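Predicted, not measured: the structure shown is a model, and the values here were computed from it. Just so it is clear: chains get the letters A, B, ... in the order the sequence lines come, proteins before strands, and each one is counted from 1.
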Amino acid sequence: MNRHRSTAAVLSVLWMGLGQLYNRQFVKGLLLIAFEAAALLYFIPNLGKAVWGIITLGEKTQGLEKVGKIMVSVEGDHSIYLLISGLITIFIFAVVLVAYILNIRDAYHTGSLRDNGIAAAGLRSSWANMTDRHFPYLMLSVPALGVLFLTIMPIIFMILLAFTNYSSPNHIPPESLVDWVGFQTFRDLLTLKTWSSTFVGVLTWTIIWAVIATVTTYFGGMIVALLVEAKGVRFKKFWRTIFIIPYAIPQLISLLVMKNLFNGQFGPINQYLSYFGLGKLPWLTDPTWAKVTVIIVNMWIGIPVSMVLIMGILTAIPKDLYEAADVDGASGFQKFKIITLPFVLFATAPILIMQFAGNINNFNVIFLLTNGDPVNGSYQYAGSTDLLVTWLYKLTLNNSKYNMSSAIGIIIFVIVASLSIWSYRRSRSYKEEDMIQ
Amino acid sequence: MKTGNKASTAIRLTVIYIILAIIAICAIYPALWVLMSSLRPGTSLAGSSLIPDQITIGHYIELFTNQSFQYGMWYINTLKVATLTMIFSTLLITLSMYALSRFRFRGRKATLTTMLVLGMFPGFMSMIAIFIVLLQLNLLDTHAALILVYSAGSVLGGFVVKGFYDTIPRSLDEAARIDGATHLQVFIKIMLPLSRPMLTYVSLTTFTGAWVDFIFARLVLRSKENWTLAVGMWDLVNNFQNSNFTLFAAGAVLIAVPITLLFVLLQRFLVQGLTSGASKG
């Protein structure tokens, strides 16, 4: 009885599409046969080289070689290209493997339908079946491919870099080769005095910054929202529009403008200060003041978002809670403390954590406003206001310390990811996802 | 008793209005200042007053006529990149998030968690790898590369959209399915019209993202005539900020104005997008 299903499956194992031909799905079968032929044409010359490339990262150094009597320069292996093209080949191989397995399953499935006396579906009804039962997979396949090659592959590449010695001045292809070094980079980062003191310093400031930045924007936003929504205040829409402007201006622009506003010599803020007879302040040039400045500017940028969020929640608080409190003779402050604050905090707890995580990675504010400066002499390639991310950027693009920046990236990722996953799992939308319907 | 109450309310309101006014001044002062600076004759940062004695649009004209910038060209490039990115991203995001919100299939929770985790990596950490991939695909210095990378990356930020679809009652599409509509028909005829605020939100954010990115664009676009505004702006800042501040201000105004106007005009959708993303965590 199960003749068809096993024959079809075995045929599809032998060569993609044979099982489908056996099941009389000719177009599908021929397409699959062509697909496997193309895949083999690609993999036979490439797959072995890919594995070799990833394992060895190249063996031949660029240099001069004697050919006959003259010296000619020969190209060496480029370790980084080898690593990336190896990764790409392996990813494509995985995709083809998935297709291969699906092809066997399909042949088996169609075969068992035929065993039960149902004719194999023609091309048109196969397609209909695909858009109906497999709709989500179909819709997700295109973005999934994009994410696989443009996000996941680069991230794996980056993670692998942390375990190599890819850094200037001694290991930059094509002049020289890169090698696997295991956990040496992490060891250097944590134990070599110059690196570890920078790392600890930058990490401490990153955390202080993230806490202060989150708290100031959150409570700043709450205060503004409460003021606008206060009883008796008119033109609420007008106020909201004005307060949303800092959010509407692209950060690239507003931060560069701020940099000039706070310019120590000519900036208008210092001009006003001296106009009122006060001394000029070193907004961006003194380490401590620079930290204050980035936090102030970040409030300007971040408060509107919190304001909008909290306004939305304020309108959702049931009015009878306040009426009941009025009956009990609660003062305005008591009402805020007992009703408004807990309600808002409860509703926004997940965002608060996401904002904290976002601030750890807040590249724009630091990079555009201070670029990590003022310089800190005791740091390796970092300034006083550098966060881990901006330090990482400098290490990669200015100093070519790729392995070190990858190691730092992994550490940032571990911090941020554990925070976000923790908050996401706690959020109501994850737990009660299907209960709203 | 009653009059005292009235008086205290009046005082309270006055105090609130004063605070609101101060915050409002802080909120718009930087924008106003850069606008005024761009209209001021001369080149220096130091201006005596906020409102210039004389007004000139010379700096704007210079941006478009000076040979060392190709502002008009950059504007067209940016419009092209941002518009196409917006179209592709919106298409990808809405379709994939609809699938993730509506269907219960194997690997769904894993997909959601993966999306969340991938979004946690600092974006430019993958830049070196993408750069080499683009080099091998011969896509460096093209706008296609930018559009491709922006659109593919945008899907990871689609949680807000998924949250939005979660709130649309499922009975709506079930009814249509019973009437024989395919999934795609349900999506186009029922979901899309309902998700207009979300579509606006997504298109706006993806458009802005492409409009202002200078980090990745600067890496990919090598020749000056291919630059986008943000890259050109970055160059302007590095070369002219100290010597020609007013020119920088004019460039800044031109980049910021379209985005700011869009945001303010569409703020209703923006607020809806932000809050629906929030309450869904």
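- Taken to the nearest 0.5 Å, the OG1 atom of T241(A) stands 14.0 Å off from the CZ atom of F263(B).
- H183(B) places none of its side-chain heavy atoms less than 4.5 Å from the side chain of M139(A).
- Taking the six-membered ring wherever Trp is involved, the centroid distance between the rings of F262(A) and W33(B) does not fall below 6.0 Å.
- To the nearest 0.5 angstrom, L397(A) atom CG is 5.0 Å from M127(B) atom CE.
- Scanning all heavy atoms of the two residues, the minimum distance from I84(A) to A129(B) falls at CD1-CA, 3.6 Å.
- Of the listed residues (Y402(A), F367(A), F157(A), W300(A)), the greatest number of heavy-atom pairs within a distance under 4.5 Å of chain B belongs to W300(A).
- Proximity to chain A (any heavy atom under 4.5 Å) is restricted, for M233(B), to the side chain, taken from C-beta onward.
- A donor-acceptor pair shorter than 3.5 Å cannot be found between the side chains of Q136(B) and S85(A).
- Side-chain contact check for L256(A) versus F248(B): some heavy-atom pair is nearer than 4.5 Å.
- Interface remark: of the candidates L138(A), V257(A), V147(A), I245(A), V257(A) forms the most heavy-atom pairs closer than 4.5 Å to chain B.
- Contact detail for I259(B) and A248(A): the closest heavy-atom pair is CG2-O, 3.7 Å.
- In terms of heavy-atom proximity, R218(B) sits nearest to Y393(A) at NH2-OH, 3.0 Å.
- Proximity to chain A involves both the backbone and the side chain of F105(B), based on heavy atoms less than 4.5 angstrom apart.
- The local environment of NZ in K236(A) is crowded, with over 12 non-hydrogen atoms from other residues, nucleotides or ligands closer than 6.0 Å.
- Heavy-atom pairs under 4.5 Å with chain B peak, among V416(A), I242(A), L150(A), at L150(A).
- Using a 4.5 Å cut-off between heavy atoms, L148(B) contacts chain A through both its backbone and its side chain.
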Please output the side-chain donor-acceptor pairs of residues 12-28 of chain B that fall under 3.5 Å, not counting sequence neighbours, one pair per line with the distance.
residue, atom, partner, partner atom, Å
R12(B), NH2, K231(A), O, 3.0
T14(B), OG1, A10(B), O, 2.5
Y17(B), OH, R234(A), N, 2.8

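- Rounding to the nearest 0.5 Å gives a distance of 9.0 Å between OG1 of T260(B) and CD1 of I253(A).
- Chain B forms more heavy-atom pairs under 4.5 Å with one residue of L368(A), L261(A), I244(A), N361(A) than with any other, namely L261(A).
- Tested against V142(A) for a side chain to side chain contact (heavy atoms under 4.5 Å, CB included), the candidates L92(B), V155(B), L91(B) yield a single pass: L92(B).
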Derivation of the side-chain contact (heavy atoms from CB on, under 4.5 Å) call for Y137(A) and R106(B)
CA-CA 10 Å; Y137(A) 294 111; R106(B) 229 159 28 129; 3.7 Å; yes
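- Shown here for L252(A) and V212(B), the closest heavy-atom pair between the two residues is CD2-O, 3.8 Å.
- If you take CD1 on I130(B) and CZ on F149(A), they are separated by 13.0 Å, rounding to the nearest 0.5 Å.
- For the atom pair F135(A) CZ and T182(B) OG1, the distance stands at 7.5 Å (nearest 0.5 Å).
- Among all heavy-atom pairs drawn from S96(B) and P143(A), the shortest one is CB-CG, 3.9 Å.
- In this structure, L118(B) CG and I152(A) CD1 are separated by 5.0 Å, a value rounded to the nearest 0.5 Å.
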